[in-house]
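Counting starts at 1 for both ligands and their atoms, in listed order. Positions are given from 1 along the sequence.
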Amino acid sequence: MVRFVLVADSTLARNYRSVPLLDFLASAPTGAVPGSLYAFLRGPPPPDDHGRAAVAPYSIRKLEAALLRDHKREEVVVAHEDHLSEFVDDDTEVVGVTTMDPLGLGPLTMSYAVFFETYSPAYVEREFEYLLARINRARAGKKAKLVVGGPGVWELTVRPDELDRNGIDYAFQGESDDILTDLFRYVTEGGGENTGFFRGFQTFDGQFRKQWKANSKFISRYQFSKQFPKLEDIPDIVAPSTKGMVEVMRGCGIGCDFCEVTLRPLRYYPPEKVTREINVNVAAGMKNGWLHSDEIFAYEHGRNFVPNEEAIMELFNAVMAIPGVTSSNPTHGRISIPAAYPNLMRKLSRIIRAGPDNWVGVQMGIETGSDRLASEHMPNKTLPLRVGPDGSWADIVWRGTYVMNKCYWRPAFTVQVGQAGETPEDNWETVALINRMSESTLDNGAPFEFTVTPMQHVPLGLLKSRDFSSVRLDPSQLAVYYASYRHLAKVALRDATRASSDANPASRYVTGLMIALGGWAMFRVVKRVCRRGGLDLERAARYGLDGRHLQAPVIPA
Ligand code: SF4
């Protein structure tokens, strides 16, 4: 008897041919990337285990583990997306879905929508709708409730009409590890007078102050009760997670003023908890330990955000000591730490066996090339280095990238367009940073290895109405897109054939070819849009290349 069927948004369940960053493709507009190309590059669906997903996104594995604390194995299923209807019957009480970007309102998806001035839905949005339609067909005439949760729920708070349109009974906002059984009971009993929950959601005003809004379609933790699970309330996953990802901490604490993660309390997983979860993935044949946090160098950090070198190394040592693990990398980090602690990076690289054939990928938000915006919006992100006494923010990013590349780490940077208080001068500073890095080389003449992707901020009012026609990028903003995609096209041509770690050589070759051609084709379109928007392409391509050479950092042998 299956009482709870869990299923992930399909865009989270693919492995995108094992190419780092290719999962960004799901944010592309359906009108711009041909369906056949998208279908190939996202890779095959996860393996099927008698209708269950043999591998599933980490977030859904956490929900599964939380339910299994209170329910029997046969009552809880993480369904394979193609077989979910086989599990939904008259006994099913809840179908739970986790999602990241259900309506395509995330900053990356917005960057494509605004830049291309398109109304065509992104793949993330279209696939979410398909999945919900499938679920609604499967539960038609049955009692099962449809509940959506996950980090993308904020988008539903912006456009609550989408819940009814997609047949969603409730959206849950927040972390649920410790209250999931109560939540599902609350939902199946019709939401009565149970006081453990608030019927509504949290939102933030312009000054990032929390507000509560009542809405009967939303459920959150009760305002005056515990808002987050404690570390000991968070269960270990019991079945394999997509790409071998496991969490190592929650929260961040660095305090960037545009970031909601920083408002969550810090909880660090001890190495034993991390290794227990990785062992689950290793048993399924995975060899890489992909460590998720929003800022790995904040793991057990000290005063003033000084990295706790011992704790970080202990964590990676524990991961690499697991029999069967051959590599490991973190999901996110901040660039000021490699810039300030080259020795730490060298030691970490030794631990995780980074080398010419094993580059370590990590996502890093550098956000801007402007000292003014960096100091205003993210003063702690630059610590322990300080913009001014330790050089400009662009110099810190340059030094950090140099150190990372020397230690065989390849950062995937993101920059923001449309930040609060942004001026054209700030954007040109970002262009200068990208151009300078794109032309930089290491002491052995090798080009800097990095990617950079623009993220677009769109005012909340426009997200609500979805009328992006009034968001007109000025030439300085277009220049940020131009510099980013110019560099990406260069990297795609240079690195595409070795980008994929797909085990199948033929698919690795085809993937590499498609990425190289895709990067080139994308840049052609970007050039056209920028020219039409009044950008002087020659100026944008040369901007910031003043021939200035920075002192290469000393990296201990
Ligand atoms: S460092 Fe990253 S995760 Fe932390 S507050 Fe800043 S943007 Fe958010």
Side-chain angles (χ1 to χ4, degrees), residues 21 58-59 100-101 106-108 110-111 150-152 154 174-175 202 204 207-210 228 245 247-269 290-308 311-312 329-341 344-345 361-387 393 396-397 400-401 404 409 411-422 426 430 433 450-457:
L21 291 192
Y58 185 76
S59 53
M100 284 273 289
D101 190 9
L108 176 65
M110 277 299 102
S111 74
W154 74 268
E175 295 180 27
Q202 280 180 36
F204 297 94
Q207 275 71 49
F208 228 55
R209 283 183 304 237
K210 201 185 288 179
F228 295 93
M245 191 178 97
E247 207 167 35
V248 300
M249 61 185 275
R250 292 190 189 174
C252 164
I254 301 288
C256 305
D257 71 2
F258 48 82
C259 178
E260 181 268 339
V261 172
T262 199
L263 302 177
R264 300 181 205 158
L266 278 163
R267 286 147 295 166
Y268 305 112
Y269 285 20
W290 195 24
L291 307 189
H292 176 67
S293 72
D294 288 288
E295 211 299 72
I296 190 66
F297 301 117
Y299 183 76
E300 302 268 14
H301 67 71
R303 279 163 60 90
N304 289 330
F305 310 102
V306 169
N308 184 336
I312 297 171
N329 65 312
T331 55
H332 297 85
R334 73 188 202 275
I335 190 70
S336 52
I337 300 304
Y341 294 87
L344 170 64
M345 298 309 293
V362 59
Q363 218 173 300
M364 297 184 138
I366 53 173
E367 324 301 359
T368 182
S370 153
D371 284 0
R372 191 183 67 81
L373 287 183
S375 304
E376 191 174 319
H377 294 304
M378 47 185 214
N380 297 337
K381 205 174 196 175
T382 71
L383 292 176
L385 301 178
R386 284 173 304 143
V387 172
W393 174 232
I396 292 170
V397 173
T401 308
M404 292 183 86
W409 289 56
F413 294 129
T414 52
V415 290
Q416 298 188 35
V417 176
Q419 289 188 81
E422 169 191 292
D426 296 318
T430 305
L433 166 64
F450 72 98
T451 59
V452 57
T453 308
M455 303 274 170
Q456 182 72 41
H457 272 269

Kindly determine whether K381 and E295 satisfy salt bridge (Lys or Arg N to Asp or Glu O under 4.0 Å), including the steps that lead there.
CA-CA 10 Å; K381 205 174 196 175; E295 211 299 72; over 6 Å; no
Below 4.5 Å, heavy atoms only, C-beta onward: do V362 and M404 meet side chain to side chain?
yes
For ligand 1, which atoms sit closer than 4.0 Å to a heavy atom of T262?
5 (S)
Is the shortest distance from a Lys or Arg side-chain nitrogen in R334 or E367 to a carboxylate oxygen in the other one below 4.0 Å?
no
Geometric class of the F413/F450 ring pair [parallel <30°, tilted 30-60°, perpendicular >60°]:
tilted
Can K381 be said to touch ligand 1, with heavy atoms closer than 4.0 Å?
yes
Who's the nearest protein heavy-atom neighbour of atom 6 (Fe) of ligand 1, and how far?
C256 SG, 2.3 Å
Out of G365, C259, C252, who gets a non-hydrogen atom closest to atom 4 (Fe) of ligand 1?
C252
Considering only heavy atoms of G255, which atoms of ligand 1 have at least one such atom less than 4.0 Å away?
5 (S)
Keeping W393 on the side-chain end and I366 on the backbone end, is there a donor-acceptor pair under 3.5 Å?
yes
Find all atoms of ligand 1 within a distance of less than 4.0 Å from any non-hydrogen atom belonging to D294, and give their numbers and elements.
3 (S)
